[in-house]
Amino acid sequence: MVKASGQAAHGGLDPDNSSLDFDYQRQSQLMKDETLSLHEISCKQPLVPDFLQSVNLQYVKLGYQHILSITYLVPLLLIPSLLLGIFILQLQLGGLAAVSSDHNSIWQLWEKILQFNLLSVFACLVLLVCAATVYFMSRSRPIYLVDFACFVAKDDSEALKVPFNIFIQRSSNSGFFDAESIEFEQKIMQRSDLSESTYLPPALGALPPCPSMKAARVEAETVVYGCLDELFEKTKVKPKEIGVLIVNCSLFTPTPSLSAMIVNKYKMRGDIRSYNLGGMGCSASLISIDLARDILQLHGYTYAIVVSTENITQNWYFGNIKSKLIPNCSFRVGGTALLLSNKPNDKRRSKYKLKHLVRTHRAADDKSYRCVYQEQDSEGKMEVGLSKDILTIAAESVKTNITTLGPLVLPFSEQILFFANLVALELFNMKQLKAYIPDFRLAFDHFCIHAGGKAVIDELQKHLLLTPQHCEASRMALHRFGNTSSSTIWYELAYIEAKGRVKKGQRVWQLAFGAGFKCTSAVWQSLHTIQPSLKHSPWAHCIDNYPVKVPDTVQFDD
């Protein structure tokens with residue numbers, strides 16, 4: 001059905017990158033002048049700047065500011081107060097000890113105590129108690145990832161899989177696309193690095209396609225319930241025990257909400273804190289975890305569930321603007337459900353502990369805000385478009401995020417060298433000194449980079465100096481499941497686990513970015529060596545076949 005070709009790869013593209021200027025009135029002219037081919041988009045400029053050539057040192061300061069944030073600042077301020085209080089108390093008690101050694105009489109000791117300045121002792125004790133109270137109240141609770149589950153069709157159902165030639169045939173027979181658009185879709189899929197095992201919703205495979213609200217609900221229920229059923233089975237946690245529920249889905253926000261749908265299905269308790277996030281793009285899963293972490297800091301001894309998915313049924317583009325057809329070729333059905341806990345006794349059975357989460361948001365800048373924009377085309381068909389500045393904006397966002405993260409995760413030796421270099425450049429104005437760029441590979445053992453497309457992974461691997469093994473999980477997740485939006489990074493982590501590579505104490509870096517423009521990093525530390533699961537893993541049925549060598553291009557059989 002499909003055979004490999006040795007042609008040079010042009011690279012895929014982040015499915016969010018449909019590459020069109022946002023100005024609707026100028027849309028037609030801009031499409032003629034500025035719309036780029038897939039090869040031009042991926043090759044025009046890199047997603048990530050070359051850090052060995054330049055670095056904006058103001059981004060590094062954000063990392064040190066994060067270290068000196070209120071979470072760390074409170075203990076630092078309390079330490080001098082505690083030391084002062086202890087010193088005063090020791091002086092006072094030292095006087096009492098001297099009295100007791102000089103006078104053996106209990107009565108004489110009692111007289112001295114009555115003469116002692118009890119007010120200073122009381123003030124010292126109050127200071128110590130207040131300092132200890134503030135410290136323990138401000139101390140953050142550890143957040144544990146008990147487990148997670150990713151969607152896989154039951155028995156890896158063939159009903160949801162659409163071979164390439166069937167995909168093109170159905171697109172042609174639907175009547176929505178002209179011959180030029182069909183040819184363009186075929187070229188995109190030949191270079192997408194996706195396999196024929198990715199999932200599409202049944203409503204889009206019908207003739208004619210039926211992207212109705214009912215069909216979209218069916219897709220959402222199939223994915224979300226599938227993830228949650230497996231999560232509850234793996235963790236043995238009952239739905240009634242869940243105190244916080246957060247659901248993120250960018251483009252499908254029905255009423256009642258998806259979170260309400262889950263509460264209704266599993267009959268969760270009435271005081272559950274539920275949230276439904278929309279329009280957050282491919283980084284929404286980590287953003288949801290950030291929200292869950294803040295809530296779990298306020299409400300102790302409870303569970304939080306984060307559900308991340310994207311709905312394709314009602315968000316398929318049925319027009320003929322070529323750049324808008326790219327998401328049709330890359331977005332696929334997928335989702336994940338995570339169980340987070342702040343219970344101390346859950347540490348022993350949890351997989352990971354959340355170490356850091358750093359978010360970068362550039363929506364204050366107009367170009368960044370409009371670079372990923374959902375609107376209707378000239379024929380009234382809904383689509384998601386990007387401006388020609390998307391790659392530059394993405395580059396700066398990723399660059400800011402990882403340089404902010406650096407001071408939090410880099411080894412101490414790298415921190416010293418980096419900080420000394422920063423002081424020399426900033427304070428002593430030694431402009432002739434070259435900026436020292438730390439090696440981020442020293443900070444992490446495993447990498448889960450959002451698999452938005454082949455070009456995205458290629459650029460990040462190149463400019464972060466990563467090895468092919470570092471990016472293996474991202475490439476294989478793209479190949480097997482496609483771009484599942486915010487849940488992609490969890491398919492990647494599941495791949496690393498299925499290969500038996502996660503050992504106790506190792507750190508995992510998840511990096512995702514999306515509309516807004518946003519970039520988010522999460523760092524997890526494994527609490528024990530994770531054994532591959534032959535049952536509860538999206539890779540259980542095919543892990544022995546991976547990694548695979550992905551051909552540069554594929555040719556479709558008629």
Side-chain angles (χ1 to χ4, degrees), residues 15-16 18 150-178 181-182 185-186 188-189 192 194-229 247-258 260-262 265 276 278-279 307-321 324-336 374 376-377 379-384 480-488:
D16 290 339
S18 45
C150 297
F151 171 75
V152 177
K154 290 185 178 180
D155 300 321
D156 195 26
S157 174
E158 298 292 332
L160 296 180
K161 297 179 181 180
V162 183
F164 295 152
N165 60 337
I166 300 298
F167 176 89
I168 296 299
Q169 182 182 357
R170 289 179 179 176
S171 296
S172 179
N173 295 338
S174 68
F176 290 101
F177 308 104
D178 57 31
S181 296
I182 296 298
E185 282 190 324
Q186 182 169 326
I188 295 297
M189 296 194 68
S192 66
L194 271 65
S195 71
E196 296 186 291
S197 297
T198 59
Y199 301 136
L200 280 174
L204 297 179
L207 287 176
C210 51
S212 63
M213 171 62 76
K214 181 178 180 180
R217 287 186 181 275
V218 170
E219 179 191 345
E221 292 171 357
T222 301
V223 174
V224 172
Y225 296 163
C227 294
L228 287 172
D229 287 344
V247 182
N248 64 262
C249 184
S250 291
L251 299 176
F252 182 59
T253 54
T255 301
S257 65
L258 294 176
M261 178 187 78
I262 295 172
K265 165 69 175 180
N276 208 90
V307 178
S308 300
T309 187
E310 192 53 82
N311 196 282
I312 301 176
T313 299
Q314 285 191 308
N315 295 286
W316 205 252
Y317 178 59
F318 290 100
N320 288 292
I321 299 177
K324 305 300 181 182
L325 295 172
I326 296 175
N328 292 9
C329 302
S330 303
F331 267 122
R332 293 297 183 262
V333 173
T336 187
Q374 184 182 22
Q376 293 175 314
D377 66 9
E379 298 179 356
K381 297 175 181 177
M382 190 64 68
E383 44 83 8
V384 177
R480 172 59 185 87
F481 295 99
N483 186 335
T484 60
S485 189
S486 58
S487 63
T488 304

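The basis for the numbers below is simple: all heavy atoms, side chains too, and nothing from hydrogens, waters or symmetry mates.
At a threshold of 4.5 Å between non-hydrogen side-chain atoms, the residues Ile188 and Leu325 do not count as touching. The side-chain heavy atoms of Pro209 and Phe318, taken from C-beta on, include a pair separated by under 4.5 Å. Proximity of Tyr199 to Val223: side-chain heavy atoms (C-beta onward) are nowhere separated by under 4.5 Å. Contact of the Tyr225 side chain with the Met261 side chain is registered, since non-hydrogen atoms from C-beta on lie closer than 4.5 Å. A 4.5 Å side-chain heavy-atom check between Leu160 and Pro201 finds every atom pair outside the cut-off.
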- Message: Set out, in order, the CA-CA distance, both residues' side-chain angles and the distance that settles side chain to side chain contact (heavy atoms under 4.5 Å, CB included) for Asp377 and Tyr317, then state yes or no.
- Response: CA-CA 10 Å; Asp377 66 9; Tyr317 178 59; 2.8 Å; yes

- Task: Starting from the C-alpha separation in whole Å, work towards a yes-or-no answer on side chain to side chain contact (heavy atoms under 4.5 Å, CB included) for Glu196 and Lys161.
- Result: CA-CA 7 Å; Glu196 296 186 291; Lys161 297 179 181 180; over 6 Å; no

- Audit row: Phe177, Asn328, side chain to side chain contact (heavy atoms under 4.5 Å, CB included) steps and yes/no: CA-CA 12 Å; Phe177 308 104; Asn328 292 9; 4.2 Å; yes

- Go through the steps to decide whether Val247 and Ser257 satisfy the test side chain to side chain contact (heavy atoms under 4.5 Å, CB included), and finish with yes or no. CA-CA 9 Å; Val247 182; Ser257 65; over 6 Å; no

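Taking both residues in full, the closest heavy atoms of Gly482 and Thr198 are given as N-CG2, 3.5 Å, listed atom of the first, atom of the second, then distance. Counting all heavy atoms, side chain and backbone alike, Thr313 lies closest to Ala215 at CG2-CB, 3.8 Å. Minimum interatomic distance between Arg217 and Pro254 (heavy atoms only, all atoms of both residues): NH2-CB, 3.7 Å. Of all heavy-atom pairs spanning Leu258 and Ala220, the tightest one is CD2-CB, 4.1 Å. Taking both residues in full, the closest heavy atoms of Ser485 and Phe331 are given as CB-CE2, 3.9 Å, listed atom of the first, atom of the second, then distance. In plain terms, the two heavy atoms of Ile182 and Ser172 that are nearest each other are CD1-N, 3.6 Å.
A distance of 9.5 Å separates OG1 of Thr336 from CG of Leu228, quoted to the nearest 0.5 Å. One finds the CE atom of Met189 at 6.0 Å from the SG atom of Cys329 (value rounded to the nearest 0.5 Å). Atom CD in Gln186 sits 13.0 Å away from atom OG in Ser181 (nearest 0.5 Å). Once rounded to the nearest 0.5 Å, the distance linking OG of Ser171 with CD1 of Ile166 reads 11.0 Å.
Distance alone, capped at 3.5 Å, is enough to place a donor-acceptor pair between the Glu310 side chain and the Ser250 backbone. Counting only distance, with no hydrogens or angles, the side chain of Glu219 and the backbone of Ile312 share a donor-acceptor pair below 3.5 Å. With Thr309 contributing its side chain and Gly334 its backbone, the two residues share a donor-acceptor pair below 3.5 Å. Under the 3.5 Å distance criterion, the side-chain polar atoms of Asn311 are left unmatched by any main-chain donor or acceptor of Phe252.
In this structure, a donor-acceptor pair under 3.5 Å is absent between the side chains of Asn483 and Ser330.
A cation-pi geometry, defined here as NZ or CZ lying under 6.0 Å from the six-membered ring centre and within 45° of its normal, holds between Arg332 and Phe167. Judged by the 6.0 Å distance and 45° axis criteria, Arg170 is not positioned over the aromatic ring of Phe176.
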